[in-house]
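Scroll down for the structure; my scribbles are underneath it.
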Amino acid sequence: MELRIDGTHYPLETLGPGKRLGIWFQGCSLACPGCMSRHTWDPAAGTAGTVAELLALWRRALADGADGLTVSGGEPLQQAAALATLLAGAAHLRDEARRGGSGPADVLVYTGYEPGELPPERYRALAGADAVITGRFRIAEPTRLAWRGSANQRIVPLTPLGALRYAPHLAREPAGPRLQAAPGEDGRLRVYGVPLRGELAALERRLRQDGVALAEPSWRPGAGGRGSPRA
Ligand code: SF4
């Protein structure tokens, strides 16, 4: 099954517990003011991929001892059929690895939809997920909560593993680094994670001091560049 993605990254350490595979879907029509991932809005941008290719990455990550898979975007539920297939396959591979003696790896999905906007067909697409982080990014509601960009966003466990894995983090405000930077497959700088208010501007200043000017940061309106894939 085909889909459009913004990219993938392993090991991802700033969007969920432990060392994870990150997959970012392309396309989001929710247009949150202040979104830092504007390059993921256009559903025709990004790159074409297949669920089989993504599952091959997940299989490799599991063999490496990954703690989980994080699916974000863009808005994953706007490619619901591909998301459902990916999550079902990811849960199956995880269960297989577990039977082979691996530790439990969870599947986390970010969606900009609020819980009340998740009718049965959207919930069905999330069937393979252990937890979901819901809600639009609201720039006027900053938060220090782990893995969330605004105070309205909620971690919703969907399985016993999700409840176990995410219970310690529901009200946690981490002290450690919230951002991780690495060159992407396209050679552009990618910044992964959920920054505190002002952190992206501080990052730009620090890079400028080191002689690096960002040409089109994806958090700037009108820019089409690359930045943090998730608010
Ligand atoms: S913050 Fe997320 S849900 Fe909101 S516009 Fe950006 S990608 Fe879409």
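Both ligands and their constituent atoms are indexed starting at 1 by order of listing.
- By the criterion of a heavy-atom distance under 4.0 Å, the side chain of Trp41, and not its backbone, is placed next to ligand 1.
- Residue Glu141 places its CD atom among more than 12 non-hydrogen atoms of other residues, nucleotides or ligands, all under 6.0 Å distant.
- Heavy-atom contacts from other residues, nucleotides or ligands closer than 6.0 Å to CZ of Arg178 number more than 12.
- Distance check for Cys28 against atom 8 (Fe) of ligand 1: an N/O/S atom falls below 2.8 Å.
- Looking at Phe25, Phe137, Tyr113, Trp219 and measuring to atom 1 (S) of ligand 1, the nearest heavy atom belongs to Phe137.
- Around the CZ atom of Arg172, the shell of radius 6.0 Å holds more than 12 heavy atoms that belong to other residues, nucleotides or ligands.
- Note: Trp147 and Tyr166 have perpendicular aromatic rings, judged against thresholds of 30 and 60 degrees for the angle between ring planes.
- Side-chain atoms of Trp219 and Glu204 form a donor-acceptor pair, as typed in the model, at a separation below 3.5 Å.
- Within the listing of ligand 1, atoms 7 (S) sit less than 4.0 angstrom from a heavy atom of Gly74.
- Within ligand 1, counting atoms from 1 as listed, the ones closer than 4.0 Å to a heavy atom of Cys32 are 1 (S), 3 (S), 4 (Fe), 5 (S).
- Ion pairing of Asp130 with Arg94 is present here, as a side-chain N (NZ or NE/NH1/NH2) and a carboxylate O approach within less than 4.0 Å.
- Using a 4.0 Å cut-off to heavy atoms of Gly112, the atoms of ligand 1 that qualify are 3 (S).
- The ligand atoms of ligand 1 that sit less than 4.0 angstrom from a heavy atom of Ala31 are 5 (S).
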